[in-house]
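Quick caveat: nothing in here was measured; it's all calculated off a predicted structure.
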Amino acid sequence: SGSMEPAFHRGDLLFLTNRIEDPIRVGEIVVFRIEGREIPIVHRVLKIHEKQNGDIKFLTKGDNNAVDDRGLYKRGQHWLEKKDVVGRARGFVPYIGIVTILMNDYPKFKYAVLFLLGLFVLVHRE
Amino acid sequence: LRKNVEDFTGPRERSDLGFVTFDITADILNGKNGLQTIFDWNVKQLFLYLSAEYSTKNNALNQVVLWDKIMLRGDNPRLFLKDMKSKYFFFDDGNGLKGNRNVTLTLSWNVVPNAGILPLVTGSGHVSVPFPDTYETTKSY
């Protein structure tokens, strides 16, 4: 979606790491899942409170959103925790994902791509 | 960078709410290229954020973003902002701001390239903002 524009747009491909030992700090872009929802969200960490033993609770917000993500979390949920994190965005390549999106949205396009790939393979077989 | 008063109101459990007013004077440079401008061919934008970091009895580490700004390629990488108010509420998780002398404000930025790695850079220079021992009951913000 457009909640992280102008940094990222629908169709950009993100590279993630998910090392548990990497501390979560403000400014980082995390990919997290809300319990009960399938689609992960990619937003920036706005606030953290970490205890001595490493337990952490944090709040996120999309760069392009006016408010933080509390409205997106589960009812009664005010914070995210380590277990909600799927990965950390470390790098990206723009627009590549648009091919996948087009293939999902337009089946004819998918068949055309597969057909062309098939031709490519046939033509280049030694 | 200056400090301000402290108020005791909170929509959720009553926690400390801090009010900070600040000035920012900054020059964003690329340290690796001998202090040239940060906006080289592969830098699309900078996501700048001013964060407060401190320790409390409840939590060993707290970080709160007070203000952020997106700077696009083509914008002037110098900041000269005065009397800025915090964009986001500075709530503590508890009452750890009262009398806290060790709240540090730092300016950092996320370099967003056209393609490639997304590094987080912390600016050199930070300021300590000591909070008072008492609460303000009047809204003088």
(request) Answer with yes or no whether the hydrophobic clustering places B:Met71 together with B:Trp109; edges join I, L, V, M, F, W, Y residues whose side-chain heavy atoms lie under 4.5 Å apart. (result) yes

(message) Between B:Pro113 and chain A, with a heavy-atom cut-off of 4.5 Å, which part of the residue counts as in contact: side chain, backbone, both or neither?
(response) both

(message) Can you confirm whether A:Lys83 is buried at NZ, in the sense that more than 12 heavy atoms of other residues, nucleotides or ligands lie under 6.0 Å from that atom?
(response) yes

(message) Counting only non-hydrogen atoms closer than 4.5 Å, does B:Phe90 touch chain A with its backbone (N, CA, C, O), its side chain (CB onward), both, or neither?
(response) neither

(request) Count the heavy atoms belonging to other residues, nucleotides or ligands that lie under 6.0 Å from CD1 of A:Ile39, then report whether that count exceeds 12. (result) no

(request) Please round to the nearest 0.5 Å and tell me the distance separating atom CG of B:Asn59 and atom NZ of A:Lys51. (result) 4.0 Å

(message) So, taking the atom named CZ in B:Phe47 and the one named CG in A:Asp63, what distance separates them when rounded to the nearest 0.5 Å?
(response) 4.0 Å

(request) Measure B:Leu66 against the heavy atoms of chain A and call it side chain, backbone, both or neither at under 4.5 Å. (result) neither

(message) Would you say that more than 12 heavy atoms from the other residues, nucleotides or ligands in this model lie under 6.0 Å from the CZ of B:Arg101, or not?
(response) yes

(message) If I compare all heavy atoms of A:Phe92 with all of B:Val112, which pair ends up nearest, and what's the gap?
(response) CE2-CG1, 4.1 Å

(request) Indicate the atoms forming the closest heavy-atom contact of B:Leu72 with A:Pro6, along with that distance. (result) CD2-CG, 4.0 Å

(request) Mark yes when over 12 heavy atoms from residues, nucleotides or ligands other than A:Glu38 sit less than 6.0 Å from its CD; otherwise mark no. (result) no

(message) Are A:Ile41 and A:Met4 connected into the same hydrophobic cluster when the rule is that any two of I, L, V, M, F, W, Y join if their side-chain heavy atoms are below 4.5 Å apart?
(response) no

(request) Give the minimum heavy-atom separation between B:Val65 and A:Val45, together with the two atoms involved. (result) CG2-O, 4.3 Å

(request) Indicate yes or no for a side-chain donor-acceptor contact from A:Lys47 to the backbone of B:Gln63 under 3.5 Å, with no hydrogens or angles considered. (result) no

(message) Using side-chain heavy atoms (C-beta onward) and a distance below 4.5 Å, is A:Phe15 in contact with B:Leu118?
(response) no

(message) Tell me whether B:Leu105 shares a hydrophobic cluster with B:Tyr49, the cluster being built from Ile, Leu, Val, Met, Phe, Trp, Tyr side chains joined at under 4.5 Å.
(response) no

(message) Do B:Val121 and A:Ile29 sit in one hydrophobic cluster, given that two such residues count as connected whenever their side-chain heavy atoms are within less than 4.5 Å of each other, even indirectly?
(response) no

(request) Against chain B, label A:Ile56 side chain, backbone, both or neither, depending on which of its atoms sit under 4.5 Å from a heavy atom there. (result) neither

(message) Heavy-atom pairs under 4.5 Å with chain A: which of B:Gln45, B:Glu53, B:Lys87 has the most?
(response) B:Gln45

(request) Any chance you could measure B:Phe91, atom CZ, to A:Leu59, atom CG, to the nearest 0.5 Å? (result) 12.0 Å

(request) Answer yes if B:Trp67 and B:Ile70 sit in the same cluster of Ile, Leu, Val, Met, Phe, Trp and Tyr residues linked by side chain heavy atoms under 4.5 Å apart, and no otherwise. (result) no

(request) Please say whether more than 12 non-hydrogen atoms of neighbouring residues, nucleotides or ligands are located less than 6.0 Å from OH in A:Tyr111. (result) no

(message) Less than 4.5 Å to any heavy atom of chain B: does that hold for the side chain of A:Arg44, its backbone, both, or neither?
(response) side chain

(message) Using heavy-atom distances under 4.5 Å, tell me whether B:Asn114 contacts chain A through its side chain, its backbone, both, or neither.
(response) backbone

(request) Tell me, for B:Leu120 versus chain A, whether the close heavy atoms (under 4.5 Å) come from the side chain, the backbone, both or neither. (result) side chain

(message) Taking side chain as everything from C-beta outward and backbone as N, CA, C, O, which of these in B:Ser51 sits under 4.5 Å from a heavy atom of chain A? Side chain, backbone, both or neither.
(response) side chain

(message) With rounding to the nearest 0.5 angstrom, report the CD1 to CG distance, A:Ile48 to B:Leu61.
(response) 4.0 Å

(request) Could you grab the distance from atom OG of B:Ser55 to atom CD of A:Glu50, nearest 0.5 Å is fine? (result) 10.0 Å

(request) Walk me through it: do B:Asp93 and A:Lys57 pass the test salt bridge (charged side-chain N to carboxylate O under 4.0 Å, His left out)? (result) CA-CA 10 Å; B:Asp93 176 37; A:Lys57 58 190 188 190; 3.1 Å; yes

(message) Within the structure provided, determine whether A:Asp68 and B:Tyr88 are in side-chain contact (heavy-atom separation under 4.5 Å).
(response) no

(request) Drop me the distance from B:Asn58's CG to A:Gln52's CD, to the nearest 0.5 angstrom. (result) 12.5 Å

